[in-house]
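As structure tokens, the structure follows; a few thoughts come after it.
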Amino acid sequence: MSNTLGNLEYPVAPFVYGKDYTLTDVKNHVKVFSAFPLKLETLVKDWNSSILATSYRPGGWNARQIIHHLGDSHGNFVIRVKGALTEEPSQIKPYDENRWIALYDGTYSDIKPSLQMLHGIHARMTDLFNNLKNEEWQLTAYHPGSKHLFTVAELLANYTWHGEHHYGQLKLIEKIYKGT
């Protein structure tokens, strides 16, 4: 892969909206989603403040911001999925992720609390996902920003992709920092 700005921004390719997901797809997403916090923590556990301050591309977030964004975003994921499962109609509340990450905690705080959040969120949601009825995967939530109607299955696919997307950016940061 060449290092064009697009490839740096999307090291795992952009998410494709509107796909239908089989139960096999869903089970695979649950497996990847469940494993993500440990995978992330293993990558960043020994990172110092210098690498955490490194960005993956010009104008991009640094490693610390990406990790805190993952905690923020996946916290919103819980609300989005549970809304889809319990409210009809369910509407997703968008938030300004750039403004959130610019707050003190997103820019300067230790990454450990965000890693702990991800472990808890992913464990709880994996337990929920492993106990959903087949028809519950088709319940929906509308996102007014993108004007897209997500099924619970697509929300899971999106956030599974989201973790891998930012993990790819962190791997780029690791390469940049090590000069490889």
Return the [atom1] to [atom2] distance between [X] and [Y], rounded to the nearest 0.5 Å.
X	Y	atom1	atom2	answer
Phe150	Thr140	CZ	OG1	11.5 Å
Glu136	Thr151	CD	OG1	12.5 Å
Leu115	Lys45	CG	NZ	12.0 Å
Arg80	Gln91	CZ	CD	11.0 Å
Asn130	Ser34	CG	OG	7.5 Å
Ile111	Gln116	CD1	CD	10.5 Å

How far apart are the C-alpha atoms of Leu43 and Lys171, what are their side-chain angles, what is the distance that settles it, and do they pass the side chain to side chain contact (heavy atoms under 4.5 Å, CB included) test? CA-CA 8 Å; Leu43 175 65; Lys171 290 293 284 181; 3.6 Å; yes
Are [X] and [Y] joined in one hydrophobic group, where the rule is that I, L, V, M, F, W and Y side chains link up if heavy atoms are under 4.5 Å apart?
X	Y	result
Ile121	Leu132	yes
Leu23	Tyr159	yes
Leu170	Val32	no
Tyr17	Leu156	yes
Val26	Leu149	no

For Phe129 and Trp137, I'd like to know if the aromatic rings sit close, meaning centre-to-centre distance below 6.0 Å. yes
Heavy-atom closest pair, residues [X] and [Y]:
X	Y	result
Ile66	Ile173	CD1-CD1, 3.9 Å
Ala84	Ala141	CB-CB, 3.9 Å
Pro94	Gly145	CG-N, 4.2 Å
His165	Val12	CA-CG2, 3.4 Å
Ser114	Ile67	CB-O, 3.8 Å
Leu118	Pro37	O-CG, 3.4 Å

More than 12 heavy atoms from other groups under 6.0 Å of CG on Asn48: yes
So does Glu88 have more than 12 non-hydrogen atoms from other groups sitting under 6.0 Å from CD? no
Chi angles and distances behind the side chain to side chain contact (heavy atoms under 4.5 Å, CB included) call for Val30, Thr126: CA-CA 6 Å; Val30 170; Thr126 297; 4.0 Å; yes
Between Gln169 and His166, is any side-chain donor less than 3.5 angstrom from a side-chain acceptor? yes
Cut-off 3.5 Å, side chains only: do Asp25 and Thr22 have a donor facing an acceptor? yes
Find out whether His148 and Tyr142 are in side-chain contact, i.e. whether some heavy atom of one side chain is under 4.5 Å from a heavy atom of the other. no
Do Trp61 and His68 make a side-chain contact, defined as non-hydrogen atoms from C-beta onward lying under 4.5 Å apart? no
Evaluate the ring planes of His74 and His162, with Trp represented by its six-membered ring, and classify them as parallel (under 30°), tilted (30 to 60°) or perpendicular (over 60°). tilted
Parallel, tilted or perpendicular: which one describes the rings of His29 and Tyr21, with boundaries at 30° and 60°? perpendicular
For Asp72 and Glu97, run side chain to side chain contact (heavy atoms under 4.5 Å, CB included): C-alpha distance rounded to whole Å, both residues' side-chain angles, the deciding distance at 0.1 Å, then the answer. CA-CA 8 Å; Asp72 291 343; Glu97 58 190 34; over 6 Å; no
Check whether [X] reaches the backbone of [Y] with its side chain - one donor and one acceptor, N or O, closer than 3.5 Å.
X	Y	value
Trp161	Ala13	yes
Thr107	Ile101	yes
Ser73	His69	no
Gln138	Glu135	no

Step by step, work out the side chain to side chain contact (heavy atoms under 4.5 Å, CB included) result for Thr160 and Phe36. CA-CA 8 Å; Thr160 301; Phe36 178 73; over 6 Å; no
